[in-house]
**Q** 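What follows is a structure written as structure tokens; I'll ask about it next.
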Protein chains: 2
Amino acid sequence: MENQGQGLHARVLDTLGPAITAGEYAAGTVLRTDELAERFDVSRTVIREAVRVLESMRLVTSRRRVGVTVLPAEEWNVYDPQVIRWRLAGADRPRQLRSLTVLRSAIEPVAAGLAARLATPAQCAELTEHALGMVATSRGQQLARYLVHDIAFHRTILRASGNEMFARLGDVVAEVLTGRTEHDLMFTDPDPAAVTLHVRVAEAVRVRDSVRAEALVREITVGAMAELDVLAP
Amino acid sequence: MENQGQGLHARVLDTLGPAITAGEYAAGTVLRTDELAERFDVSRTVIREAVRVLESMRLVTSRRRVGVTVLPAEEWNVYDPQVIRWRLAGADRPRQLRSLTVLRSAIEPVAAGLAARLATPAQCAELTEHALGMVATSRGQQLARYLVHDIAFHRTILRASGNEMFARLGDVVAEVLTGRTEHDLMFTDPDPAAVTLHVRVAEAVRVRDSVRAEALVREITVGAMAELDVLAP
DNA sequence: CAAGCCCATTGATACGACGTATTCAAGACC
DNA sequence: GGTCTTGAATACGTCGTATCAATGGGCTTG
């Protein structure tokens, strides 16, 4: 994982979090703090801090006399970036990717429509720059550099929408795009049609064509979902 | 507030959380655990548990030799239900309501489109039931009962979409609808056009007309946004 | 057999001590 | 004079123990 030396409590979280979100503990399973303290060779204080965080993510509840109870998946705070990362690293990664892609398909077109009305000149320039960067890196095994531009492009759209809820999904989109590149089509050059769409989106935003920007991004997300359907049954 | 007797740590959270999200502490402000322990008249252990939760919400970071630093608003986990509740109860409630309504306008139509393809017969029945309930309570100062049906209707749509990310927004929508009723139009009967739209959505889902369901819900959310523009400048 | 009381269990809180990373500044060296 | 090193102060991090409180199950009793 990534977090290791940030304190003992982080280490406990990085073990329990993925385990719970991976479904290793069935809903209703009770964990006792003493037992956890012994298992991780830390004090109960550390365990309690970790449990409090898991509780705030609604992965568990802590009740007196009962113990720390694992909650069913419907209760989880699935928008918590930490939870998203844990689940993407775990077993039901495919379902998670699918859920997030559907979410993208709902959010990003609307965000693009808003961005076309609200983007600053600097943000328009940024969009164009990254769209052109995608074009430049779209051929000949430069997927890593392509990905950087792709992520930056979508991040800019979301930020330019002027809506903080949209803006905060930038990390999620980055995670989805990264995951797609890493797993599914590492050796395939990106779809040229998608690249072209990005360029046209940048242009639509620049000329403040809200409906066209929205429609174009909708095409992009539809393509992304179709791609997912082909690659992951 | 609501949480009081759930432990001392909850009391600390219910004071610090709203204070931070309300902007009472500028980003960069440092709080010391000893100072907080004295202020709340609890032990440092309790403070540390609360701080850990605030840290997982990205409201603060805790660094050695520095203290507990308040993070800028862009870092906050704005999808955390707790954070949403705190902000809705605080000063920038109007902006928060606007952000969430925009979010709804992106999510719900797509969710309705999916629901039309995936809803179970039971869910279809539920939709119809609540739509009719809205009709029955739409006149004559029955806003409280109307609200119950309205919330249940949108919750069902989100759940029937089959997407867990959508389903988890049910609480947010409930909060928005409740807030709107409580603050803005407590004494005005609901817009009859909106009521009719809900009935038609239920029907569209029942006959599996995906595009019509999506379009109708889009009309509903557009109406909600227009209403917000009129009532809260 | 049922209803209510008692107690063991387990988390919740507190407190004091020590560990440790981090920062800031003083001082030495180039 | 400027830069690097080093050390001390500081505030969070961790730990162990003690005590409190709530809860669920078992026991008692009518």
Side-chain angles (χ1 to χ4, degrees), chain A residues 1-17 19-20 25-72 75-76 82, chain B residues 1-17 19-20 25-72 75-76 82:
Chain A
M1 304 294 154
E2 53 224 73
N3 289 326
Q4 275 295 347
Q6 331 270 42
L8 291 184
H9 113 101
R11 187 171 62 83
V12 175
L13 266 181
D14 278 343
T15 305
L16 279 183
I20 294 174
Y25 303 98
T29 306
V30 289
L31 309 166
R32 279 177 309 249
T33 53
D34 294 319
E35 177 191 312
L36 292 173
E38 188 187 13
R39 199 172 112 202
F40 288 98
D41 195 37
V42 296
S43 71
R44 280 186 14 252
T45 311
V46 174
I47 296 295
R48 297 185 85 269
E49 287 173 16
V51 166
R52 279 275 137 70
V53 173
L54 293 174
E55 201 174 19
S56 89
M57 295 168 175
R58 306 230 49 176
L59 298 184
V60 303
T61 68
S62 177
R63 274 170 53 205
R64 279 180 157 146
R65 166 65 188 165
V66 164
V68 177
T69 311
V70 177
L71 289 173
E75 290 288 330
W76 299 347
Q82 185 91 287
Chain B
M1 300 300 154
E2 55 225 67
N3 290 325
Q4 276 295 346
Q6 333 266 49
L8 292 185
H9 112 101
R11 187 172 61 84
V12 175
L13 266 181
D14 277 342
T15 306
L16 280 184
I20 294 175
Y25 303 98
T29 306
V30 290
L31 309 166
R32 274 165 320 208
T33 52
D34 295 319
E35 176 192 310
L36 292 173
E38 187 187 14
R39 198 172 111 202
F40 289 98
D41 194 39
V42 296
S43 72
R44 213 159 62 93
T45 310
V46 174
I47 295 295
R48 297 186 86 269
E49 287 173 15
V51 166
R52 275 275 135 55
V53 173
L54 293 174
E55 201 175 18
S56 90
M57 296 168 174
R58 307 230 48 175
L59 298 184
V60 303
T61 76
S62 179
R63 278 169 51 203
R64 278 181 155 150
R65 166 65 180 148
V66 166
V68 177
T69 311
V70 177
L71 289 174
E75 290 289 329
W76 300 347
Q82 185 93 287

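Quick note: numbers below take in every heavy atom, side chains included, and nothing from hydrogens, waters or symmetry partners. Lettering follows sequence order; numbering is per chain, from 1.
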**Q** Rounded to whole Å, how long is the line connecting atom CD of A/E35 with atom C1' of C/dT9?
**A**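 Going from A/E35 (CD) to C/dT9 (C1'), I get 15 Å.
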**Q** Does a side-chain N-to-carboxylate-O contact under 4.0 Å join B/E55 and B/R52?
**A**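 Salt bridge flag = yes for B/R52 with B/E55.
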**Q** Just to verify, what does B/R65 make a side chain to side chain donor-acceptor pair (under 3.5 Å) with, not counting sequence neighbours?
**A**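 Side chain to side chain donor-acceptor pair (under 3.5 Å) list for B/R65, sorted by chain: empty.
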**Q** Please report the distance, rounded to the nearest Å, between CZ in B/R32 and P in C/dT22.
**A**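 So the two atoms are 19 Å apart, to the nearest Å.
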**Q** Could you please name the option among D/dT14, C/dT23, D/dC15 that lies closest to any side-chain atom of B/V66?
**A**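 Between D/dT14, C/dT23, D/dC15, the one nearest the side chain of B/V66 would be C/dT23.
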**Q** Would you indicate which nucleotide in D/dT17, C/dA14, C/dC24 comes nearest to any side-chain atom of B/R65?
**A**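 Looking only at side-chain atoms, B/R65 lies closest to C/dC24.
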**Q** Do A/V60 and A/L16 have side chains that approach each other closer than 4.5 Å (heavy atoms only, starting at C-beta)?
**A**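 Answer no - side chains too far apart.
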**Q** CG/B/L36 to CD1/B/I47 distance, rounded to the nearest 0.5 angstrom?
**A**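 So the CG of B/L36 and the CD1 of B/I47 are separated by 5.0 Å.
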**Q** Whole angstroms only, please: what is the CG-C1' distance between B/D41 and C/dA14?
**A**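 Computing the B/D41:CG to C/dA14:C1' distance gives 11 Å.
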**Q** Only one of B/T69, B/V70, B/V68 clears side-chain contact (heavy atoms from CB on, under 4.5 Å) with B/T29; which?
**A**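 Exactly one candidate clears the test, B/V70.
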**Q** What is the distance, to the nearest angstrom, from the CG atom on B/L8 to the P atom on C/dG11?
**A**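 Going from B/L8 (CG) to C/dG11 (P), I get 18 Å.
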**Q** Specify the separation, in whole Å, of atom CZ of A/R52 and atom C1' of C/dG11.
**A**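 Atom-to-atom, A/R52 to C/dG11, this comes out as 9 Å.
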**Q** Map B/R63 and B/V46 onto DNA chain C by nearest heavy atom, then report which one ends up closer to the 5' terminus.
**A**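 First, find each residue's nearest nucleotide; the 5'-ward one identifies B/V46.
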**Q** For the side chain of B/R48, counting heavy atoms from C-beta on, which of C/dA14, D/dC12, D/dG13 is nearest?
**A**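 Nearest listed nucleotide: D/dG13.
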**Q** Just call it for B/V42: base, sugar-phosphate, or nothing, with non-hydrogen atoms closer than 4.0 Å on any strand.
**A**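 Since only primed, P, OP1 and OP2 atoms lie under 4.0 Å of B/V42, the category is sugar-phosphate.
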**Q** In this structure, how many angstroms lie between the C1' atom of C/dT13 and the CD1 atom of A/I47, rounded?
**A**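 To the nearest whole Å, that distance equals 17 Å.
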**Q** Please confirm whether the shortest side-chain N or O distance from A/R44 to OP1 or OP2 of D/dT17 is below 4.0 Å.
**A**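 Answer no for this pair, as no side-chain N or O of A/R44 is under 4.0 Å from OP1 or OP2.
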**Q** Of A/R64 and B/T45, whose closest DNA chain D nucleotide lies nearer the 5' terminus?
**A**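 Closer to the 5' end of DNA chain D: B/T45.
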**Q** Starting at CG of A/D34 and ending at P of D/dC15, how long is that distance when rounded to a whole Å?
**A**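 Going from A/D34 (CG) to D/dC15 (P), I get 14 Å.
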**Q** Does A/S43 have a side-chain nitrogen or oxygen under 4.0 Å from the phosphate oxygens OP1 or OP2 of D/dT14?
**A**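 Indeed not, no polar side-chain atom of A/S43 lies that close.
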**Q** Could you state the atom-to-atom distance from CD of A/E55 to P of C/dG11 in whole Å?
**A**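 Nearest whole value for this atom pair: 12 Å.
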**Q** Classify B/L31 by what it touches in the nucleic acid, base, sugar-phosphate, or nothing, heavy-atom distance under 4.0 Å.
**A**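 Answer is sugar-phosphate: B/L31 comes under 4.0 Å of backbone atoms only.
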